[in-house]
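I have placed the structure first, in the form of structure tokens, so that the comments after it can refer back to it.
Chain A is the first sequence line, chain B the second, and so forth, proteins listed ahead of strands; every chain is numbered from 1.
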Protein chains: 4
Amino acid sequence: MTTHTRPSRDDGTGAPAERRDPRLDRSRTALLDAAAALLSESGIRGVTIEAVTSRSGVARSTLYRHFPNSGELLAAAFQQLLPPIPAPPEGGTPRDRLLGLVLDQAQQIEHAPTTAAAIWLATSGLSAELPADPVERTQFAVLRQRIIDRYRKPFDAVLRDCLGGVPRVTAGDIDLAAAQLIGPLLFNTMIVKRPNDREFCTRLVDDFLTVHGSPTI
Amino acid sequence: MTTHTRPSRDDGTGAPAERRDPRLDRSRTALLDAAAALLSESGIRGVTIEAVTSRSGVARSTLYRHFPNSGELLAAAFQQLLPPIPAPPEGGTPRDRLLGLVLDQAQQIEHAPTTAAAIWLATSGLSAELPADPVERTQFAVLRQRIIDRYRKPFDAVLRDCLGGVPRVTAGDIDLAAAQLIGPLLFNTMIVKRPNDREFCTRLVDDFLTVHGSPTI
Amino acid sequence: MTTHTRPSRDDGTGAPAERRDPRLDRSRTALLDAAAALLSESGIRGVTIEAVTSRSGVARSTLYRHFPNSGELLAAAFQQLLPPIPAPPEGGTPRDRLLGLVLDQAQQIEHAPTTAAAIWLATSGLSAELPADPVERTQFAVLRQRIIDRYRKPFDAVLRDCLGGVPRVTAGDIDLAAAQLIGPLLFNTMIVKRPNDREFCTRLVDDFLTVHGSPTI
Amino acid sequence: MTTHTRPSRDDGTGAPAERRDPRLDRSRTALLDAAAALLSESGIRGVTIEAVTSRSGVARSTLYRHFPNSGELLAAAFQQLLPPIPAPPEGGTPRDRLLGLVLDQAQQIEHAPTTAAAIWLATSGLSAELPADPVERTQFAVLRQRIIDRYRKPFDAVLRDCLGGVPRVTAGDIDLAAAQLIGPLLFNTMIVKRPNDREFCTRLVDDFLTVHGSPTI
DNA sequence: TCTTAACCGAGACGGTACGTCGCGTCTTTTG
DNA sequence: CAAAAGACGCGACGTACCGTCTCGGTTAAGA
């Protein structure tokens with residue numbers, strides 16, 4: 001089990017971590033470590049309150065002081081397991097960079113926790129009630145944003161770069177590109193259970209460029 | 001609540017329904033009706049063994065004679081709720097037909113039970129153990145196939161038709177088309193929570209044709 | 001630990017015990033045995049749901065099918081421990097019989113479970129909310145009645161006998177006698193923590209007879 | 001809610017209250033006020049550590065500096081709520097004075113906190129472990145003494161007075177009188193849940209005098 | 001007057017017990 | 001003899017208090 005997010009005082013709320021009771025961090029870290037370990041070992045079903053508390057040595061009541069329910073705990077555990085967003089490929093032709101990007105994403109989708117998190121988020125939205133208040137940044141919401149960023153961020157960089165010559169690259173352009181390039185990977189993985197091999201990815205990129213590629217790229 | 005699948009003796013196992021105790025059908029139908037009703041009323045979380053039995057008046061033990069566990073019951077309930085696969089659009093230019101197809105799918109993804117089922121299937125694959133035996137055609141497997149068909153079948157018809165002039169339309173071609181046209185819809189719905197409006201769908205189809213459209217179409 | 005109430009199908013509700021699932025009796029008996037044992041070993045505080053279930057091997061949920069809460073369980077455990085109402089003394093002069101009666105009661109009050117039960121009942125009336133519905137014969141109510149009977153029954157027999165010549169012995173007479181003869185014992189035990197020795201009891205009886213004794217007795 | 005005991009520096013330990021940090025008194029008073037208020041509002045069950053601290057604004061740790069556990073706090077709260085011992089009736093015939101006394105006590109037993117305290121004390125003796133060390137004058141012990149005094153003191157005064165002519169009135173005589181006159185009231189209240197009306201009290205006194213009354217009284 | 005030690009609020013922490021819900025297995029009784 | 005009825009063991013949930021503890025911040029008392 002490898003945890004990708006370094007332990008941090010920041011609890012994802014963006015609040016400045018001025019002076020806090022250090023015990024809060026201690027117990028929170030212990031909880032997240034245990035939860036993440038259980039998650040990667042036994043899957044979603046393994047992340048029970050009982051298992052997490054007994055493994056971490058943290059008391060039940062303390063757990064509930066950090067997370068309002070088991071869903072939030074799971075969301076936090078997923079965050080713990082998400083690998084950092086890979087740096088977008090920098091050198092080479094625009095085609096190379098786009099291809100690198102798509103291959104990166106394909107690999108991430110292969111990576112269990114990432115997809116699991118994405119799908120779990122979607123499921124939760126259907127089966128359970130979401131926290132309505134958008135202000136309250138729950139772990140659930142944080143996780144959602146991280147998942148989106150994971151798809152979105154690399155495109156921001158590369159596309160903004162590749163289409164640099166073009167006056168305006170709107171957000172809509174990027175959204176469309178992400179949908180067209182990542183969506184098919186998702187479809188393969190989720191629905192038809194087919195692997196995203198290099199050939200498939202190349203095809204996606206080339207088709208994309210056929211349509212959107214300005215002569216300059 | 002509307003049930004889309006007519007009550008049938010066929011339990012999805014493909015077994016010939018020759019001579020069976022009629023009581024078996026009675027209780028099975030009652031269970032499925034109750035489960036489907038609960039599913040559409042209260043969502044996945046509402047489909048509990050207790051709720052289904054008490055609502056259907058069928059005994060617990062009888063339920064377990066039909067479904068090995070609550071997951072299978074849920075899968076069956078989803079099937080009950082899935083609308084029939086829409087007939088692929090027939091008239092018009094290939095572009096019109098493709099667009100009709102994509103709009104259909106966009107609408108289906110909007111339709112809660114369908115997406116819910118798809119996502120739940122994906123989640124289950126992650127969190128729970130799947131029935132390993134591929135021979136045993138569980139309701140789970142049946143549901144998976146129906147979901148796939150739902151995406152795949154219409155493309156079979158339309159593409160095979162549109163590209164009729166071309167010597168070979170391989171299965172791979174169809175898979176690619178489905179991935180490129182449906183994947184983005186899925187991405188929008190699941191990840192970024194954006195609606196699939198008509199403009200977006202049109203764009204997908206046009207881009208697809210720009211690349212794959214032979215002069216004939 | 002000795003249990004004074006024989007195991008019985010009757011659960012105190014007075015319902016005829018026609019044909020019942022024998023498992024109900026099995027688990028109920030196991031629960032009551034465990035609870036009574038814990039009660040006599042560790043006192044009221046020892047009768048926790050956890051302790052009772054783990055000791056009896058009966059599941060939590062089963063316990064709650066028999067007793068709506070831990071209070072009712074405790075009440076039932078007390079019943080289990082109450083010794084049977086002693087047969088009122090029969091031979092001898094009225095004075096002898098009354099004295100025997102009072103000595104009996106003094107001894108009972110010495111007997112921990114009986115007093116504990118009585119006092120616990122009183123406490124519950126103060127600290128917790130009693131089941132309001134008098135129809136619903138909870139274990140709590142049953143226990144209360146048994147405690148009252150324990151004081152009242154022997155007097156019924158003896159007084160009715162002693163004052164036999166007198167045309168009417170009203171319920172009020174018996175109530176008064178019980179209060180005057182048992183009350184002081186209670187006072188000694190509860191408030192001033194003094195023992196009820198033979199001398200004290202004799203004194204009570206003699207004083208009582210001085211006042212109420214007709215020439216005939 | 002009326003508190004019968006004036007706020008005092010004396011914490012019942014008998015220690016001389018020479019020079020003390022005034023903050024100690026401040027927090028102690030706040031705690032007792034809150035505890036007494038909660039007790040009279042919500043009964044014994046309402047006097048929790050959390051409720052008392054949050055209501056009084058006193059910190060948990062401060063509370064535990066004053067009271068070793070929640071039982072002691074409750075005992076102190078009871079003391080706070082006990083009305084002062086009523087002055088024994090002075091004028092009139094001995095019979096009048098005795099009757100006044102008994103009616104007073106009957107009324108006190110009606111008064112919730114007093115009985116509650118008495119019964120709670122009795123219960124605690126059964127269910128929990130008492131502080132073994134007799135030297136340490138806990139609030140618990142103090143409360144016990146106050147409850148006893150409450151029954152005993154008035155009798156001391158009246159009986160010593162009434163039987164003044166008689167050479168010796170022993171402590172035993174007074175104990176007996178208290179038991180015979182108060183015990184029945186207790187019995188009525190605790191066991192048979194019957195009210196102590198004036199007729200009953202009169203009867204008790206008259207019977208008592210029939211036996212113990214010298215010709216002079 | 002200025003320290004400095006006691007006292008304080010706030011509340012995190014490990015525990016124990018509660019009462020609830022859902023599962024999948026099983027027995028008993030009935031139509 | 002199969003279906004209903006539902007008891008049963010199990011395991012997880014979220015809540016409520018307890019008594020201990022660690023924090024800094026204030027404040028009264030002695031230098």
Ranking Asn69(B) and Ser27(D) by the position along DNA chain E of their nearest nucleotide, the one closer to 5' is Ser27(D)
Comparing nearest nucleotides in DNA chain F, the 5'-proximal residue of the pair Gly71(A), Leu24(C) is Leu24(C)
Between CZ of Phe67(D) and P of dT20(F) the distance, given in whole Å, is 15 Å
Taken to the nearest whole Å, OH/Tyr64(B) to P/dA5(F) is 17 Å
Rounded to whole Å, the CG-P distance (Leu31(D) to dC7(E)) equals 15 Å
Here the residues of residues 47-57 of chain C within 4.0 Å heavy-atom distance, strictly under, of DNA chain E are Thr48(C), Ile49(C), Glu50(C)
Leu63(B) atom CG is separated from dG24(E) atom C1', nearest whole Å, by 11 Å
From CZ of Arg26(B) across to P of dA2(F) the rounded distance in Å is 16 Å
Worksheet item: Under 4.0 Å: is that the gap between some side-chain N or O of Ser61(C) and OP1 or OP2 of dC8(F)?
Response: no
- Task: Apply side chain to side chain contact (heavy atoms under 4.5 Å, CB included) to Phe140(D) and Leu121(D), showing your working.
- Result: CA-CA 8 Å; Phe140(D) 191 92; Leu121(D) 277 174; 3.6 Å; yes
Worked verdict on Gln80(A) versus Asp33(A) for side chain to side chain contact (heavy atoms under 4.5 Å, CB included)
CA-CA 8 Å; Gln80(A) 200 80 351; Asp33(A) 285 351; 3.6 Å; yes
From CZ of Arg45(B) across to P of dG22(E) the rounded distance in Å is 9 Å
So ring-ring contact (aromatic ring centres under 6.0 Å, His included) across residues 47-79 of chain C, not counting sequence neighbours, yields Phe78(C)-Trp120(C)
Per atom distances to the Arg23(C) side chain, the nearest of dT27(E), dC8(E), dT25(E) is dT27(E)
Applying side-chain contact (heavy atoms from CB on, under 4.5 Å) to Ala35(D) and not counting sequence neighbours gives Val47(D), Val52(D), Leu73(D), Ala77(D)
- Message: Side chains of Thr62(B) and Arg65(B), heavy atoms from C-beta outward: is any pair under 4.5 Å?
- Response: yes
Taken to the nearest whole Å, CG/Asp25(D) to P/dT27(F) is 17 Å
- prompt: For His66(C) and dC8(F), is the shortest distance between a side-chain N/O and OP1 or OP2 below 4.0 Å?
  reply: yes
Q) Under 4.0 Å between a side-chain N or O of Arg60(C) and OP1 or OP2 of dG11(F)? A) no
Taken to the nearest whole Å, CG/Leu73(C) to P/dA17(E) is 14 Å
| request: Would you classify Arg65(D) as touching base, sugar-phosphate or nothing, given that sugar-phosphate means primed atoms plus P, OP1 and OP2, and contacts are heavy atoms under 4.0 Å? | output: base
Rounding to 0.5 Å, atoms CG (Leu74(A)) and CD (Gln79(A)) come to a distance of 10.5 Å
### Phosphate OP1/OP2 of dA3(F): any Thr62(B) side-chain N/O under 4.0 Å
no
Glu72(C) vs Asn69(C), test: side chain to side chain contact (heavy atoms under 4.5 Å, CB included). Steps then yes/no. CA-CA 6 Å; Glu72(C) 286 290 296; Asn69(C) 53 56; 3.7 Å; yes
task: Kindly say if Ser70(B) contacts the phosphate of dG24(E), meaning a side-chain N or O under 4.0 Å from OP1 or OP2.
output: yes
